[in-house]
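Quick notes on the structure that follows.
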Amino acid sequence: MAILVIEDEPGIADFVRRGLEAAGFSVEVESDGQLGLEAAQRTDVQLVVLDLGLPGLPGEEVLTRLRTLRPALPVIVLTAKAAVSDRVANLDAGADDYLVKPFSFSELLARVRARLRSPAQPSSVVLEAGGIRLDVRTREATVSGQSVRLSSREFSLLEVLLRHPGQVLSQTQLLDLVWGYDFEGASNVVETYVRHLRRKLGPERIETVRRAGYRLVSP
Ligand code: CA
């Protein structure tokens, strides 16, 4: 049972780490939003304590992406912003709870325990639609029972499409979710990878919706 703390202030990160370790949790700290987001995708991470003011990727952005990538993962937001509107915005963005700095450790621990007790559905590790099956833990993909070799980017793109069955995702959304919001490579990278996937999965699996984006379809 690991708790991931994404916090760039060493004093606070240490304080939270020491306290949680003393309470018997295994704790990992990341001080950068992007690295934190990556670490949070590991299945042994059971809860995230997330600061909002982060280098690399703002905490708000980490939260939004986590809600897509691991919808059931509990996230407790640490914020210096005491304004009620900010709190409401955080909860709307999918935080399970929040604490306004400065906070006491016992307050945090109570919330961590409450979150871990509440029966959340584990984030699904096998995604299936229309004969496509992805095991996100082993990174295995099959189409109609046949194993398909995908590069890691192709896998991520297909995973995002499978997590939004029937929904049209724009190029921008796919870029954000698969490549990261600050990606500065070729602008047609989404198109290129969709083409790769069509070649491997069959051309009819991913539909182009004119001027809107792409959608995974069940044949
Ligand atoms: Ca900070």
Side-chain angles (χ1 to χ4, degrees), residues 1-118 120 122-123 136 156 159-160 163 172-185:
M1 167 88 50
I3 296 180
L4 172 66
V5 178
I6 312 177
E7 165 65 77
D8 64 319
E9 293 176 55
I12 297 178
D14 265 10
F15 160 75
V16 171
R17 179 215 288 272
R18 280 198 312 271
L20 289 173
E21 283 177 346
F25 296 100
S26 129
V27 180
E28 187 184 331
V29 174
E30 289 289 351
S31 57
D32 171 284
Q34 185 63 48
L35 297 177
L37 179 63
E38 281 164 29
Q41 289 169 57
R42 291 202 331 259
T43 47
D44 61 320
V45 171
Q46 299 293 309
L47 182 141
V48 174
V49 176
L50 175 68
D51 182 27
L52 289 184
L54 288 170
L57 192 66
E60 290 87 345
E61 191 60 39
V62 174
L63 184 57
T64 308
R65 291 205 209 161
L66 267 183
R67 288 291 72 124
T68 305
L69 295 163
R70 291 193 62 184
L73 180 68
V75 179
I76 298 175
V77 163
L78 302 180
T79 175
K81 301 168 186 167
V84 170
S85 60
D86 282 340
R87 300 186 190 188
V88 171
N90 290 336
L91 292 172
D92 280 351
D96 295 285
D97 210 340
Y98 60 87
L99 279 171
V100 176
K101 294 175 182 176
F103 55 89
S104 74
F105 183 74
S106 60
E107 262 183 295
L108 175 63
L109 185 60
R111 283 163 202 233
V112 166
R113 288 196 166 130
R115 282 301 138 202
L116 291 176
R117 258 198 314 271
S118 55
S123 184
V136 299
S156 301
E159 181 181 345
V160 166
R163 286 194 190 277
T172 311
Q173 284 174 308
L174 291 170
L175 259 186
D176 282 356
L177 290 166
V178 179
W179 281 268
Y181 81 116
D182 54 353
F183 176 74
E184 283 178 354

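Being a predicted model, the structure only gives us computed values, none of them experimental. Below, each value reflects all heavy atoms present in this structure, side chains not excepted, and no hydrogens, waters or symmetry copies. Remember, it's 1-based here, ligands and their atoms both numbered in the order they're listed.
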Between L20 and F105, the two heavy atoms sitting closest are N-CZ, 3.3 Å
Do the non-hydrogen side-chain atoms of K101 and D51 ever get within less than 4.5 Å of each other? yes
The Ca ion (ligand 1) - closest N/O/S atom in D8: OD1
Under 3.0 Å from the Ca ion (ligand 1), can any N, O or S atom of E7 be found? no
Under 4.5 Å between any side-chain heavy atoms of F25 and L47, yes or no? no
How about E9: does one of its N, O or S atoms come closer than 3.0 Å to the Ca ion (ligand 1)? no
Locate the shortest heavy-atom distance separating V29 from E7; write the atom from each residue and the value. CG1-O, 4.4 Å
Working to the nearest 0.5 Å, report the span between CD1 of I6 and CG of L37. 7.0 Å
If I take every N, O or S atom of G53, is at least one of them less than 3.0 Å from the Ca ion (ligand 1)? yes
For D51, what is the atom name of its N, O or S atom nearest to the Ca ion (ligand 1)? OD2
